[in-house]
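Read the structure below first, then the notes.
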Amino acid sequence: MVRLLTLLFAATCCCLTAGAQNNLDATIQAKAKQVLPKVIEWRRHIHQNPELSNREFKTMEYIANHLRSLGIEVQDKVAKTGVVGLLKGGKPGPVIALRADMDALPVEERVDLPFKSTQKADYLGQEVSLMHACGHDSHVAILMGTAEVLASMKKDIAGTVKFIFQPAEEGPPGEEEGGAPLMVKEGVMDNPKVDAIFGLHISSNTESGSIRYKPGPFMASSDWFTIKVKGKQAHGSAPWGSIDPIVVGTQIIAGLQTIVSRQENIVKAPVVITVGKFHSGVRSNIIPEEAILEGTIRTLDAEMQRDVHERIKKTAEKIAEASGATVEVDIDTKTLVTDNDSSLTAMMAPSLQKAAGKDKVQTQSWTTGAEDFSFFGEKAPALFFNLGGMPVGTDPAKAPGHHTPDFFIDDSQLDVGVKAFCHLVFDYANLQAKQKKAQVKKGF
């Protein structure tokens, strides 16, 4: 009889728990829909007022004022222009971080919108037009909306939510520090220590309202390299008296491609080596003394990243040596591989399905695009996913790409991002609590 009563009590508790969870999910859905008009308004304001990396002063103020109005503890000027908000829930639990990036790009907008950017600014001594050509305006607005929803549900939150608004994801200008590495350096993942971090990126060629993710390596590391070739100057009519850095440079470019096609195991993970800039000479009849090659490396495996660096250096040095030239090779790591913690991803996939609907959430292949969100993943288990922003019915092959003047986002379903963040916060805390209870029972 006692055993029967115990089972009945447990079943009743489970039903109550399931009922409470259903009510919580319904509340998130309703509040996210309610905040959507504000999210769209915020996004369009930020879009119309873009700011470059490490120069997001007005954006910082806009975000900080909003968070303070919600009663959230705010720290601004983090990593120069970043904002960190801290919301302590009504119950004990983990520390969960949510991240959005803030900066725009030196791109002139061609899309004819009522909130089109006409802003200009100085970029490395040159006046440039500004545009949110990668969707960071959407990310900021989504996280601002998430903060509003979660602040209204503070008593139900188990643990603490850390809102990270990060500057300079596109890379700080010149020799400045910035972005996620500087935020990590300044302790954003500590005090309190983050247990898990989640981030999203809007996608211009994924249908609006959809979510795409991948366990494990998701986005590539990004390295920028410079190869300086030193030769011997001569008259263009007498090339035998030169050591031609242009010829050597072209041979190096060809040699770099064999690293991809003949040396790295691309079945294991893709590798991309691109030379995007080649500068040499001042006149057509002078063989110059120097040539400079600049480019980028993309890898999806940390060991391969290190190996490619060594191969690039060796290839450039040996080709130059064969012609009597010398080289200087400099490789600057901008991001690491964005790696989604496999256990965390499997655990939280149902939360993404709650946000968008099961039929609109799919896994995708990895991408050679890069994200400095990867540095946060070095400090805590991380999950990064893509949120669709392409108008329904558009051919993805014809959708304007990121970092282009025609980049366009349908912002009518940004509430899906708000829902995703909110479900991740509540579900992660709930699952962590269940795991701890299971460990206690196992201990007995």
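All values derive from a computational prediction rather than experimental measurement.
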Between E186 and K77, is there a salt bridge with N-O shorter than 4.0 Å? no
Between the side chains of D112 and K116, is the shortest nitrogen-to-carboxylate-oxygen separation below 4.0 Å, so that they form an ion pair? no
Step by step, would you call Q432 with D195 a side chain to side chain donor-acceptor pair (under 3.5 Å)? CA-CA 10 Å; Q432 287 294 99; D195 294 297; over 6 Å; no
Side chain to side chain contact (heavy atoms under 4.5 Å, CB included) between F163 and I63: does it pass, once the steps are laid out? CA-CA 11 Å; F163 303 96; I63 294 165; over 6 Å; no
Just so I know, are the side chains of H403 and E170 near enough to count as touching, which here means a heavy-atom distance under 4.5 Å? yes
Do Q21 and D25 meet the criterion of a side-chain donor-acceptor pair at a distance under 3.5 Å? yes
Determine the interplanar angle of the F385 and F421 rings, folded into 0 to 90°, and report it as parallel if under 30°, tilted if 30 to 60°, perpendicular if over 60°. perpendicular
Students often mix this up, so state it plainly: with edges at 30° and 60°, are the rings of F373 and F376 parallel, tilted or perpendicular? perpendicular
Mark yes or no for whether Q29, through its side chain, and K354, through its backbone, hold a donor-acceptor pair below 3.5 Å. yes
Measure from the side-chain N and O atoms of D415 to the backbone N and O of K33, and report whether any donor-acceptor pair falls under 3.5 Å. no
Kindly determine whether Y213 and V361 satisfy side chain to side chain contact (heavy atoms under 4.5 Å, CB included), including the steps that lead there. CA-CA 8 Å; Y213 71 98; V361 179; 3.7 Å; yes
Just by distance, no angles: are the side chains of N386 and S203 close enough, under 3.5 Å, to form a donor-acceptor pair? no
Would a 4.5 Å heavy-atom cut-off, applied to side chains only, mark E148 and L70 as touching? yes
Can you say whether the rings of F384 and H201 are parallel (under 30°), tilted (30 to 60°) or perpendicular (over 60°)? perpendicular
Can you see whether T338 engages E371 through a side-chain donor-acceptor pair at a distance of less than 3.5 angstrom? no
Does a donor on one side chain sit under 3.5 Å from an acceptor on the other, for H136 and Q166? no
Would you say S412 and D410 are linked by a side-chain donor-acceptor pair, where the criterion is simply a distance under 3.5 Å? yes
Report yes or no: do Q305 and T299 form a side-chain donor-acceptor pair below 3.5 Å? no
Would L352 and L424 count as a side chain to side chain contact (heavy atoms under 4.5 Å, CB included) here? Give the steps. CA-CA 8 Å; L352 302 180; L424 288 166; 4.2 Å; yes
To the nearest 0.5 Å, atom CG of L431 lies from atom CE of M348 at 5.5 Å
Between the OG1 atom in T368 and the CD1 atom in I297, the distance rounded to the nearest 0.5 Å is 13.5 Å
With rounding to the nearest 0.5 Å, note down the distance linking CG in L293 to CZ in F278. 5.0 Å
Side-chain donor-acceptor pair under 3.5 Å between S222 and T335, yes or no? no
Considering only heavy atoms from C-beta outward, does the side chain of V140 approach that of F165 to under 4.5 Å? yes
Quick one, M144 and V39 - any side-chain contact, counting heavy atoms below 4.5 Å? no
